[in-house]
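Single-structure report; data block below.
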Amino acid sequence: MNTDGERMYKFAGDLFPICRSITGEGVVKTLSMISDYISAKMTIHQVPSGTQVFDWTVPKEWKIRQAYIEDEQKSKIIDFQKNNLHVMGYSAPVDKWVDLDELKKYIYTQKDQPDVIPYVTSYYKERFGFCMSENQKNSLKEGRYHMYVDSELFDGNLTYGEVVLPGQTQEEIFFSTYTCHPSMANNECSGPALAAELINWIDKRKDNRYTYRFIFIPETIGSITYLSRNLEHLKKHMKAGFVLTCVGDDREYSIVESKYADTLADKVLENVLSYHAPQYKRYSFLNRSSDERQYNAVGVGLPVVAFSRSKCGEYPEYHTSLDDMTLVSESGFQGAFDVMTQVIEALEYNYNYKINIVCEPQLGKRGLYPTISQKGSYDEVMAIKDFIAYADGRNDLIDISNIIKVPVKRLCTIVDQLNANGMLEQKR
Amino acid sequence: MNTDGERMYKFAGDLFPICRSITGEGVVKTLSMISDYISAKMTIHQVPSGTQVFDWTVPKEWKIRQAYIEDEQKSKIIDFQKNNLHVMGYSAPVDKWVDLDELKKYIYTQKDQPDVIPYVTSYYKERFGFCMSENQKNSLKEGRYHMYVDSELFDGNLTYGEVVLPGQTQEEIFFSTYTCHPSMANNECSGPALAAELINWIDKRKDNRYTYRFIFIPETIGSITYLSRNLEHLKKHMKAGFVLTCVGDDREYSIVESKYADTLADKVLENVLSYHAPQYKRYSFLNRSSDERQYNAVGVGLPVVAFSRSKCGEYPEYHTSLDDMTLVSESGFQGAFDVMTQVIEALEYNYNYKINIVCEPQLGKRGLYPTISQKGSYDEVMAIKDFIAYADGRNDLIDISNIIKVPVKRLCTIVDQLNANGMLEQKR
Amino acid sequence: MNTDGERMYKFAGDLFPICRSITGEGVVKTLSMISDYISAKMTIHQVPSGTQVFDWTVPKEWKIRQAYIEDEQKSKIIDFQKNNLHVMGYSAPVDKWVDLDELKKYIYTQKDQPDVIPYVTSYYKERFGFCMSENQKNSLKEGRYHMYVDSELFDGNLTYGEVVLPGQTQEEIFFSTYTCHPSMANNECSGPALAAELINWIDKRKDNRYTYRFIFIPETIGSITYLSRNLEHLKKHMKAGFVLTCVGDDREYSIVESKYADTLADKVLENVLSYHAPQYKRYSFLNRSSDERQYNAVGVGLPVVAFSRSKCGEYPEYHTSLDDMTLVSESGFQGAFDVMTQVIEALEYNYNYKINIVCEPQLGKRGLYPTISQKGSYDEVMAIKDFIAYADGRNDLIDISNIIKVPVKRLCTIVDQLNANGMLEQKR
């Protein structure tokens, strides 16, 4: 297995079959596999059911063993063992024979996509339910049916994982991804796979300026729980944060901006995407869908954006049985990885720079500029001259990249050249 | 008479026949009819001719009894009794037989609209004149003509009316309309009719936060006179002001923005119009035409915009005999009334709101959000979630409406729901 | 010789034949001719070779007497006497017979314009070279060739000229143009010719508010040298500065904006051009090409833009033998002169104005407004009313021109009218 993309695709595939929910064994198993994959240490946190977290309460833990509907011939018309989307998430137990009419009250379908099994949950009100395709529902014959869910809802724990990679400063770059959906590939397994690969890459990188923090949580209740315990720390230290979700497919890149689109996270990701994939999609915070909701909420206000390829809710396979391993790809993962590593490099180099020479420096005598002047010979060296013009103490590296229209990637080389010549001051 | 629009149309028609000018009996009669129409008390102010008001002087009062031109056969070719536009406003008396050539020096027409009688005045230089259609002028035969104006210019008064509806605070919302044009429907009678109906509506509304002030004045000299007596009070208390003019026709809505388009009056009216009539016309202050000129003048600087349907000067019937009761309509009046009542509601609800819960509130447990999660089920509740996201103490209600693209009308309901749940703080 | 354009065209033609470089006799001769042309006194400055100026060193002085290539038949295939572009600027001496292959190493051509002789220099590394058309180079036959340059590089001086026209205040308007290119018309002679004519025009103008400073320097090393001696003075006194270059052709006008496009120089030139030539080209500082580079450099930061017709580097004849006196014209010069004199007038009148009357002034009684009011009669007086509305102490004259969309030229007349009526306060 050679490329990052291949590794991430394989790992996502390993995570795919597990039946996860916001609590329970599936989450624990998933965290354990991630812990094995990464080179750094993961801390596992457990928060008891019933704990008050801001306006919410940590729910009971859900254990699911079996779920099916069988007909009078004892033939299972749907079976949780075949596809864990067939049972509504957090279904209470049931064991009851009913008529077709009664059965239908407990069946959920996606009418506008009659072939798919939808993903449906009821976390905060106890009920049970089954999911199947609209076509299958319509084909059911009159008769008696056995609704069977062997599950438990009990006082247990909400479990999440946390990885910290210390840097030279306490300033933090934050990544959040979730581990709470059953067998869906893009809208579940891709996020943790990318996060795990980034951990390994950062862990190998030398002399990191920033401390990097990754959390693997259940969506919504997990981020609220995490914030209830860590809000002051994050407010003090977080410089930029990224929700990673739906990062494995091959479609266009996208960002969900922070509430006012004015944070360092917006700035660096939009800069990198503008060169890497100029047609990327900018969604305003009005189109938010994942944990960026909590990180930007009233009273929280952290500098967090979401990064995706196809954004949650904006692709047809979303939250259905079609979101399987054929929807994601090695190249899809690789592209997302390339963007996020560029983001990290840009942040690491992102100082406010100032040239310590008055007037234009004479680049020729330092071998940075041709000594013969003829028209047409300037273009290849304009990047360095433009960088020098705007490295006036007023702009950080990303500002300069935006102004002079040169990727940060290339400017990092120029910074190194000018530093080697002692021509540059840098400030945070 | 059932609808607001029907009542206003009828009242405008009652005001139409009166020969008004910037002073005189027509104004007094008009104010008396408005006073009878409204449920609140109107105060009548009189300012003597010769009073210095800033750079201007209150002119003499004008009394007009009769005016006509007759030919040698004693046939009246135009007659003030038939249409009061036939005499130039503020004409001095004359009683003289002249040749056609001499007569023509005193006849005013609208060359680019040869069928209409134009509306012409000469307030600040004493002269006399007659108005007729260009076609009629061209058809006049050689001969002797009798020019007759039975008028007086004498030391009298400039008269205006004022209505104040006190609210819970001394902060004021201001409305200005004029009562100085003779028989024109849109560019005269529509403004006072709408203002009178709004007075009755506000007077019935419970618990008004703001004090509402309406003035009925002659244009230009009236607003200058009013400002010369009330400028400090208005500077201290006025939050937003609206000139009401040309509000009875059925064409597109329009605003004339304040001098820098940056006042609460601009903000609230543009917000309401953007939902009520997205194709409304925004005229910059460079296109000003009525008393917004004085309210925004140097040394005044009040937060005042003008509200119209067809703006003064921008419709062909403007300042001609075509601006009659067929140009305005019940539905035209009703639309203008609906806009201004929405403006008032928006202002009354326009606080800076802040959710008093950290992270997203759990709306499900309060019955404000569905408990089952499936894609496609969110849209109808996004308005409340978006309101909550931006109710962070940084925005007032109109800001939030602009950001989340939901009409203030609907947000008022959400404010009531959240207040009922004790979730909201509000600040001025 | 009657018009400004005719005079400038003639003077540029007189300067054309001289072989200039960044130092040497050609510069001295050029400065002497400018000094003779202008009505004010020019000061000549000499800075010795080897002087350190910021990051640069003043180079040796270059003297060139003769340069050619001759073939075995002693026929000169190129000759400096015929066109001084044939020798690379700052060529060291050489006197050597070589084969064609060796010769070609020292020949510079413009491959994408095979008919032209390019302009090539090597100021800061000692070498020699010859320039010819690509076509001529390709037609050279095998054989022996004599490379001959009779030049000297010796410790001498860099020479520049300076003219100061004192005004009522020490605040300065600055003009910089260069005198360092050999026989090129637009990209050399046009700048000094325009600057010289402006000096004569300003010298005749009465009661100048500003002090005007003109410098005639070699590009780059000259502006760096000048700044190294005058930076503090310029930072303290300069209000706006203009690099004049390529101002003699008939194509579209252009500006190279200052680094952040936010100086008075940007504001006044863009205002004047927006009325004089609405299709003018705005180049951002990323497209800088002349001494605006130094004036805007880190540690300098002066309010300087460049003014051109065809901008340096953006027209095909640039830096080739095609940039001759047929490329420039009397009307081209005249247009540039008209723009810059309007710029100066706008600066001289550019105060922050405030009307000293509350509410609109009554213009009628001062003869500034018609006394009869009829629709269609307002337009010609709107400029004065709009000026009055925005002369509120918040805007300078150029701001008002931008807001009300009336040229400064016309507003100057209004300022005079209102001042004559005592209605205006002005502040710097």
Side-chain angles (χ1 to χ4, degrees), chain A residues 22 53-57 88-90 108-113 116 118-127 129 131 187 219-221 223-228 231 258-260 284-289 291-302 312-320 323, chain B residues 351-397 399-407 410-411 414-415 417-419 421-427:
Chain A
I22 54 174
V53 289
F54 294 127
D55 196 42
W56 301 62
T57 307
M88 172 188 267
Y90 259 63
Y108 297 86
T109 67
Q110 191 75 29
K111 287 219 170 73
D112 54 347
Q113 293 176 281
V116 311
Y119 166 58
V120 182
T121 65
S122 180
Y123 296 136
Y124 299 100
K125 183 176 159 84
E126 208 169 300
R127 51 164 75 86
C131 302
N187 185 34
E219 214 176 0
T220 305
I221 187 67
S223 52
I224 293 167
T225 299
Y226 187 83
L227 287 168
S228 76
L231 182 55
S258 70
K259 192 160 67 166
Y260 295 105
S284 91
F285 191 66
L286 296 177
N287 299 104
R288 65 202 179 280
S289 35
D291 282 323
E292 65 273 16
R293 285 156 40 207
Q294 307 309 327
Y295 299 125
N296 284 274
V298 176
V300 181
L302 292 168
C312 301
E314 300 289 330
Y315 60 99
E317 302 87 352
Y318 173 75
H319 272 201
T320 74
D323 187 349
Chain B
Y351 291 94
N352 191 310
Y353 291 103
K354 185 170 177 188
I355 290 289
N356 59 14
I357 288 170
V358 178
C359 281
E360 287 191 341
Q362 195 184 353
L363 297 175
K365 70 183 185 190
R366 297 179 176 90
L368 300 171
Y369 198 69
T371 53
I372 299 179
S373 166
Q374 180 177 358
K375 73 172 171 172
S377 67
Y378 313 114
D379 297 354
E380 65 271 31
V381 292
M382 275 314 288
I384 191 168
K385 299 199 81 171
D386 285 346
F387 176 85
I388 287 169
Y390 288 93
D392 57 7
R394 183 166 154 176
N395 308 300
D396 67 22
L397 192 67
D399 293 330
I400 296 178
S401 167
N402 289 337
I403 294 172
I404 75 173
K405 300 178 177 56
V406 175
R410 187 162 166 211
L411 295 185
I414 291 176
V415 165
Q417 285 181 305
L418 296 177
N419 269 331
N421 281 277
M423 295 163 72
L424 218 44
E425 293 165 14
Q426 68 186 43
K427 275 188 311 188

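In this text, all values refer to a predicted model and were calculated from it rather than measured experimentally. In what follows, every chain begins at residue 1, and chains take the letters A, B, ... in the order their sequences are listed.
- Between chain B and the options A:Phe285, A:Trp56, A:Tyr295, A:Tyr90, heavy-atom pairs under 4.5 Å are most frequent for A:Trp56.
- Contact annotation: the side chain of B:Ile357 never approaches that of A:Val298 to less than 4.5 Å [non-hydrogen atoms, C-beta and beyond].
- Qualifying side chain to side chain donor-acceptor pair (under 3.5 Å) partners for A:Asp323, counting only residues two or more places apart in sequence or in other chains: A:Tyr315.
- Residues passing the salt bridge (charged side-chain N to carboxylate O under 4.0 Å, His left out) test with A:Asp55, sequence neighbours excluded: B:Lys365, B:Arg366.
- Here B:Cys359 contributes atom SG and A:Ile224 contributes atom CD1; the two are 5.0 Å apart, rounded to the nearest 0.5 Å.
- Environment of CD in A:Glu126: sparse, with no more than 12 heavy atoms of neighbouring residues, nucleotides or ligands closer than 6.0 Å.
- When all heavy atoms of B:Asp392 and A:Tyr260 are compared, the pair lying nearest together is OD2-OH, 2.7 Å.
- Closest approach of A:Lys259 and B:Ala389 over heavy atoms only: NZ-O, 2.7 Å.
- Residue B:Tyr390 comes nearest to A:Leu286 through the heavy atom pair CE1-CD2, 4.0 Å, listed as atom of the first residue, atom of the second, then distance.
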Any chance you could lay out the side chain to side chain contact (heavy atoms under 4.5 Å, CB included) test for A:Arg288 and B:Asp386, step after step, and finish with the verdict? CA-CA 10 Å; A:Arg288 65 202 179 280; B:Asp386 285 346; 2.7 Å; yes
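- Both the backbone and the side chain of B:Lys385 have a heavy atom closer than 4.5 Å to some heavy atom of chain A.
- Contact annotation: the side chain of B:Gln362 never approaches that of A:Thr220 to less than 4.5 Å [non-hydrogen atoms, C-beta and beyond].
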